[in-house]
Amino acid sequence: MKNNRTFLALVLLAFLASNYGNSQEKADLIKPNIIIFYADDLGWQDVELNDLDEPCAWDTPNIKALAKDAINFTNAYSPAPTCAPSRSALLSGLHPAKTGITNVSGGKIPKADKSSKYTSPFFPEGLMPENFTIAEALKMNGYKTGHVGKWHAGHLKIQSSKNQGFDFAHESRGAHQGPKGKNNRVNDFATHNKGDKYRLSEEKYFPFTKASPNGISYPKDEVTENALEFIKNSKEEPFFLYLAHWMVHYPIHTKNRELLQYYCDKLGMEFPKEDIPMTAGGQNNPYFGAMVTTLDWSLGRVVDLLKKTDDPRNPGKKLYETTYIIFSSDNGGAEQRRTEIMSDNAPLDKGKKYTEEGGIRIPMLISGPNIPKEKTKDVLINQLDFYPTILNLTNSQIPSKYSSDLDGLDISNVLLKNEKEVLNKDGKPREDLWWHYPYGDETKNQSAIRSGDYKLYKNFISGNYVLHRLYKNGKRHDLEEKFDIAKQEPEITKALSVKLEKYLKDYDAKLPYKDPSKFKNEEDLATIPVIAKDVFDAASRKVSIQLEKGKSNVIESYALVKISDKAKARKKGKKSKVKSTYIRIPVDAGKNNLEYTFTVPKEAIEYGIILIDENRFMVKGEFHKVK
């Protein structure tokens with residue numbers, strides 16, 4: 001599929017090149033640069049943008065400075081409450097329910113957690129070659145593309161960033177690399193020694209204190225440095241940089257002793273003498289504060305370079321004047337891990353892994369050519385909107401089979417024309433956004449829809465609907481989501497539930513299934529499908545499945561096959577680790593719904609069938625290795 005795309009790209013590039021001179025002359029059009037600065041687990045209240053109730057405890061001077069040249073979207077959302085689905089959605093422009101990538105650590109045979117009676121649906125581990133990423137789209141339109149930082153959209157070679165449209169990739173953790181050994185958070189800090197991998201900078205930066213009136217040094221961060229190098233090396237062409245930081249994800253630590261001391265002083269606590277979890281509630285973790293400010297420092301380094309560097313394609317202008325910067329986070333803030341409290345999303349409810357506001361509402365700034373400065377907008381925005389908007393901002397064209405499948409909306413009218421509503425393809429204002437997260441216990445396992453002032457949830461374990469009114473007449477009403485008004489507002493509950501159910505159906509969203517081993521007393525258990533025959537023909541690689549008669553009907557069926565990278569040569573007698581994942585392939589069902597066949601791909605090393613019956617029991621066939 002990639003080869004076909006390469007041919008298509010060459011044809012399209014030839015077309016664009018023939019028209020580019022004319023378009024430049026007619027409209028003085030430039031190909032603006034694009035930077036997506038993507039934080040990890042940074043909450044809506046973790047930056048000095050959207051302070052509600054109590055001000056943010058973390059200092060983010062560079063984010064505040066960028067906001068003066070940008071639009072701050074206060075009702076901005078991630079596509080999912082966890083990392084991998086949001087990143088895959090941003091890159092592909094497709095809703096997580098469409099790609100099936102709805103959680104992290106996918107590509108495994110489904111199984112129920114010990115504490116749950118339900119089996120989560122299968123979901124892929126990441127993007128596959130058939131997904132057409134924003135990097136491929138821009139590369140097709142003459143852009144140099146770079147990815148720095150966290151990928152988390154598939155770990156096989158065919159899923160790598162280099163195979164998803166990026167010319168340049170550097171994916172180390174940089175200064176986020178966790179310390180090793182015990183008691184390390186209090187003594188493993190960067191130094192000015194030449195041999196130190198994280199050697200402290202000679203340059204000084206925020207914060208400026210009595211002890212350090214000229215600022216403090218920061219440890220070398222490979223993520224930031226490689227981003228800067230990519231910009232320097234790519235400025236002769238229009239470039240797209242996807243800078244996906246590992247911060248402020250767990251592990252919570254810092255290599256910057258001075259910055260940790262600054263936050264200890266600010267929070268009124270002693271510098272830690274031993275490495276124990278920080279358990280004070282609210283925003284009181286100095287390690288976390290140091291990580292947020294380090295992330296902010298990284299953004300400042302990028303912006304400073306853009307402001308100092310001439311744009312060789314646009315004489316008289318700096319790169320900052322010809323670059324769109326999109327700053328955001330992959331999901332809401334992670335408030336706690338085990339006993340360590342990281343931060344606090346209040347007044348938003350819950351956090352990462354939840355479709356409540358704390359898990360999906362995220363900070364978002366967009367700056368660049370012709371975008372108004374220091375504006376705040378409360379229009380509904382989703383990161384799925386990045387893809388079609390970037391295509392418009394860069395005057396890029398892609399095949400209609402890809403553009404017509406995008407799930408986000410072009411928000412250029414809001415960015416450039418100061419319009420108040422995002423318009424859909426029919427020219428009508430956007431009405432809603434929706435999320436799908438069928439995982440975890442009863443408090444997490446749900447889908448949600450936001451429409452105007454209201455937010456509705458469908459819980460998949462109980463089947464109940466919950467309705468909250470976040471705003472009323474444009475003012476904050478129940479942003480904390482304390483009050484369920486589903487019974488008081490039956491008409492709104494019904495209207496939104498109909499919308500949500502239609503989304504689930506149209507996107508074929510997968511739901512949790514009953515685990516037969518956890519429902520031993522249920523009457524329907526006796527009728528679950530039983531596999532009577534499971535035959536593999538090595539010559540044709542065809543699998544034939546026969547079910548027993550007289551059992552419940554199968555309403556869904558598919559096969560899982562395991563693929564992997566080729567094993568690398570052994571080094572020093574050690575076996576190399578081979579990365580692998582399961583992918584879903586369709587099966588052919590017989591007319592009587594008792595016979596199923598599928599062909600095992602040549603690259604597969606293992607296979608098995610999954611059946612879902614009319615009572616929503618999941619039946620897993622035996623998984624066989626292909627010899």
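Remember, predicted model here, so these are calculated numbers, not experimental data.
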### Task
Please say which of Thr145, Ile134, Thr133 ends up in a side-chain contact (heavy atoms from CB on, under 4.5 Å) with Gln164.
Thr133
### Query
Without hydrogens or angle criteria, can the side chains of Ser172 and His170 be said to hold a donor-acceptor pair below 3.5 Å?
yes
### Query
So Tyr582 and Glu606, side-chain contact (heavy atoms from CB on, under 4.5 Å) or not? Walk me through it.
CA-CA 9 Å; Tyr582 287 93; Glu606 188 178 320; 2.7 Å; yes
### Message
Can you tell me how the ring of Tyr607 sits relative to the ring of His624, calling it parallel under 30°, perpendicular over 60° and tilted otherwise?
### Response
tilted
#### Entry: Lys444 NZ to Ile461 CD1 distance, which is reported to the nearest 0.5 Å
12.5 Å
### Under 3.5 Å side-chain donor-acceptor pair for Ser343 and Glu335
no
### Message
Looking at Lys350, I want to see if its NZ is surrounded by more than 12 non-hydrogen atoms of other residues, nucleotides or ligands under 6.0 Å.
### Response
yes
### Task
Ignoring hydrogens and angles, state whether a donor on the side chain of Glu357 or Tyr77 is under 3.5 Å from an acceptor on the partner side chain.
yes
### Query
Has the side chain of Trp151 got a donor or acceptor atom that lies under 3.5 Å from a matching backbone atom of Gln159?
yes
### Message
Tell me whether the NZ or CZ atom of Lys352 lies within the 45° cone about the ring axis of Trp44 and under 6.0 Å from its centre.
### Response
no
### Query
Is there side-chain contact between Asp40 and Met247, with heavy atoms separated by less than 4.5 Å?
no
### Message
If the test is side chain to side chain donor-acceptor pair (under 3.5 Å), which one of Ser78, Ser329, Ser328 qualifies with Gln383?
### Response
Ser328
### Parallel, tilted or perpendicular: rings of Trp434 and Tyr507 (30°, 60°)
perpendicular
### Message
Determine whether a donor-acceptor pair (N or O, by modelled atom type, separation under 3.5 Å) exists between the side chain of Asn141 and the backbone of Gln397.
### Response
yes
### Message
Taking the basic N atoms (NZ, or NE/NH1/NH2) and the acidic carboxylate oxygens, is any pair closer than 4.0 Å for Lys108 and Glu125?
### Response
no
### Any side-chain donor near an acceptor of the partner, Asp432 and Tyr503, under 3.5 Å
yes
### Query
So does Glu356 pair up with Lys455, basic N to acidic O under 4.0 Å?
no
### Message
Using only atom types and a distance under 3.5 Å, with no angle test, would you say the side chain of Gln336 pairs donor to acceptor with the backbone of Arg338?
### Response
yes
### Query
In terms of side-chain heavy atoms, does Ser447 have a donor or acceptor partner in His436 at a distance below 3.5 Å?
yes
### Message
Can you see whether Asn345 engages Arg361 through a side-chain donor-acceptor pair at a distance of less than 3.5 angstrom?
### Response
no
### Query
Are Phe132 and Tyr402 near enough that their ring centres are under 6.0 Å apart?
yes
### Residues Glu556 and Arg584 bridged, charged N to O under 4.0 Å
yes
### Query
How about Lys487: does its NZ atom have over 12 heavy atoms from other parts shown lying under 6.0 Å from it?
no
### Derivation and outcome, salt bridge (Lys or Arg N to Asp or Glu O under 4.0 Å), residues Lys98 and Asp405
CA-CA 10 Å; Lys98 184 178 287 184; Asp405 201 32; 3.0 Å; yes
### Query
So, does His176 use its side chain to make a donor-acceptor pair with the main chain of His249 at under 3.5 Å?
yes
### Query
Would you call Arg616-Asp515 a salt bridge at under 4.0 Å N-O?
no
### Task
Would you indicate whether Asn521, at its atom CG, is surrounded by more than 12 heavy atoms from other residues, nucleotides or ligands within a distance under 6.0 Å?
no
### Query
Pick from Tyr513, Phe460, Phe519, Phe617: which one makes a ring-ring contact (aromatic ring centres under 6.0 Å, His included) with Tyr118?
Phe519
### Message
Any salt bridge linking Lys139 with Asp167? Criterion: basic side-chain nitrogen under 4.0 Å from a carboxylate oxygen.
### Response
yes
### Query
Looking at Asp537 and Lys542, does any basic side-chain N land under 4.0 Å from a carboxylate oxygen?
no
### Task
Might you confirm whether atom NZ of Lys518 has over 12 heavy atoms from other residues, nucleotides or ligands at distances under 6.0 Å?
yes
### Query
What about the rings of Tyr454 and His468, do their centers lie closer together than 6.0 Å?
no
### Task
Rounded to the nearest 0.5 Å, what's the gap from OH on Tyr465 to CG on Asn459? Could you check?
11.0 Å
### Query
For the rings on Tyr439 and Phe123, is their centre-to-centre separation under 6.0 Å?
yes
#### Entry: Interatomic distance, Ser580 atom OG to His155 atom NE2 [nearest 0.5 angstrom]
6.0 Å
### Message
Please report the interatomic distance OG(Ser552) to CG(Asn593), rounded to the nearest 0.5 Å.
### Response
10.0 Å
### Task
Answer yes or no: is there an ion pair linking Arg337 with Asp41, defined by an N-O contact shorter than 4.0 Å?
no
### Query
For Gln546, does the CD atom have more than 12 heavy-atom neighbours from other residues, nucleotides or ligands under 6.0 Å away?
yes
